[in-house]
Amino acid sequence: MTLDTHARRLGGLLGNFQSLEFVLRVYLNSLPGARPFGLPPGTDLYLFPVGSDLPENDFTSWDSLGQLITKFNGEMKKKGRDAIDVALVEVRDALAHGRVSTSNPEETLRLIKFDKPKNGRVRVTFNEAMSADWFARQTASVLEAISLVMAAGAETGIVDPP
């Protein structure tokens with residue numbers, strides 16, 4: 001795979017992870033027990049300049065992707081529905097905090113991640129070749145998760161059916 005193709009696939013995968021986080025936040029914010037949004041309906045969040053003070057809610061919270069998935073999966077369990085595979089969090093975290101390289105420019109780039117140091121040592125927590133097949137599998141997994149959230153949102157009326 002060329003570096004250009006790698007970059008495009010990586011960008012697509014990261015964009016899909018961002019979409020997943022967005023739809024999770026919208027869904028969780030629509031639940032009956034959600035924190036009040038605190039802004040008038042139709043407010044465009046993108047018009048607030050840096051430094052604006054906004055209310056914390058499920059959309060603006062500091063919750064990680066893992067926390068969002070856990071909350072969503074809890075709701076799905078109550079309804080007897082399919083859950084999002086939590087292994088996605090490991091991939092997203094590796095993309096955010098890992099290192100990408102190869103020892104040979106002719107080989108597939110690898111993604112490796114380490115845990116926090118302990119006694120001057122680190123443990124490898126992720127090590128995958130970022131092949132075309134790897135990108136296809138990861139992208140399919142994230143798109144499946146987005147579909148689960150969209151289907152749940154369609155049932156509650158917060159999104160149009162897919």
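FYI, side chains are in, hydrogens and waters are out, and symmetry mates aren't considered; it's all heavy atoms of this structure. Small disclaimer: the values here were computed from a predicted structure and weren't measured.
- The backbone N or O of Ala129 sits nowhere less than 3.5 Å from a side-chain atom of Thr108 that would complete a donor-acceptor pair.
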Stepwise side chain to side chain contact (heavy atoms under 4.5 Å, CB included) check, Val23 with Met150 | CA-CA 7 Å; Val23 297; Met150 295 298 287; 3.8 Å; yes
Take Leu20 and Asn16 through the side chain to side chain contact (heavy atoms under 4.5 Å, CB included) test and state the conclusion after the steps.
-> CA-CA 6 Å; Leu20 173 60; Asn16 288 334; over 6 Å; no
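- Atom CG of Asn57 sits about 11.0 Å away from atom CG of Leu28, to the nearest 0.5 Å.
- By the 4.5 Å heavy-atom criterion applied to side chains, Gln67 and Ser64 are counted as neighbours.
- With sequence neighbours left out, Glu106 forms a side chain to side chain contact (heavy atoms under 4.5 Å, CB included) with Asn104.
- Here the side chains of Phe72 and Leu68 are not in contact, with every heavy-atom distance at 4.5 Å or above.
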Less than 3.5 Å apart, which donor and acceptor atoms pair up between the side chains of residues 43-54 and the rest of the protein, not counting sequence neighbours?
{"residue": "Thr43", "atom": "OG1", "partner": "Pro40", "partner atom": "O", "Å": "2.5"}
{"residue": "Asp44", "atom": "OD1", "partner": "Tyr46", "partner atom": "N", "Å": "2.9"}
{"residue": "Ser52", "atom": "OG", "partner": "Pro49", "partner atom": "O", "Å": "2.7"}

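- Among pairs with a residue in residues 118-138, those fulfilling ring-ring contact (aromatic ring centres under 6.0 Å, His included) read His6-Phe135, at least two apart in sequence or across chains.
- Considering only residues two or more places apart in sequence or on other chains, Arg99 meets the side chain to side chain contact (heavy atoms under 4.5 Å, CB included) condition with Ile112, Phe114.
- With Thr60 contributing its side chain and Pro55 its backbone, the two residues share a donor-acceptor pair below 3.5 Å.
- The stretch residues 123-134 participates, sequence neighbours left out, in these salt bridge (Lys or Arg N to Asp or Glu O under 4.0 Å) pairs: Asp115-Arg123, Asp133-Arg137.
- One distance of note links CG of Leu148 with CZ of Arg81; it measures 7.0 Å at 0.5 Å rounding.
- A salt bridge (Lys or Arg N to Asp or Glu O under 4.0 Å) check over residues 10-20, counting only residues at least two apart or in different chains, returns nothing.
- Residues satisfying the salt bridge (Lys or Arg N to Asp or Glu O under 4.0 Å) criterion with Glu75, sequence neighbours excluded, are Lys78.
- Under the rule for a salt bridge (Lys or Arg N to Asp or Glu O under 4.0 Å), Lys116 has no partner lying at least two apart in sequence or in another chain.
- Taken from CG in Leu13 to OG in Ser141, the straight-line distance is 9.5 Å, to the nearest 0.5 Å.
- Inter-residue side-chain proximity for Asn127 and Arg110 is flagged as met; some heavy-atom pair is nearer than 4.5 Å.
- The side chain to side chain contact (heavy atoms under 4.5 Å, CB included) search around Ala83 returns Asn73, not counting sequence neighbours.
- Distance check, rounded to the nearest 0.5 Å: CG of Asp82 to OG of Ser147 gives 11.5 Å.
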Tell me which donor-acceptor pairs under 3.5 Å the side chains of residues 85-97 have, and how far apart each pair is, sequence neighbours excluded?
{"residue": "Asp85", "atom": "OD1", "partner": "Ala87", "partner atom": "N", "Å": "2.9"}

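- Going from atom CG of Leu10 over to atom OG1 of Thr5 covers 12.0 Å, rounded to the nearest 0.5 Å.
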Take Lys71 and Asp63 through the test side chain to side chain contact (heavy atoms under 4.5 Å, CB included) and record every step on the way to the result.
-> CA-CA 10 Å; Lys71 288 178 182 181; Asp63 289 349; 2.5 Å; yes
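- Listed by first and then second residue, the side-chain hydrogen bond (donor to acceptor under 3.5 Å, both in side chains) pairs involving residues 26-35 are Tyr27-Lys79, Arg35-Glu56, Arg35-Asp58 (not counting sequence neighbours).
- Applying the salt bridge (Lys or Arg N to Asp or Glu O under 4.0 Å) criterion to Glu21, with sequence neighbours excluded, gives Arg25.
- The minimum heavy-atom distance linking Met1 with Ala132 is given by the pair CE-N, 3.2 Å.
- Put simply, Leu109 and Val124 are part of two different groups of oily side chains (I, L, V, M, F, W, Y) that touch within less than 4.5 Å, one to the next.
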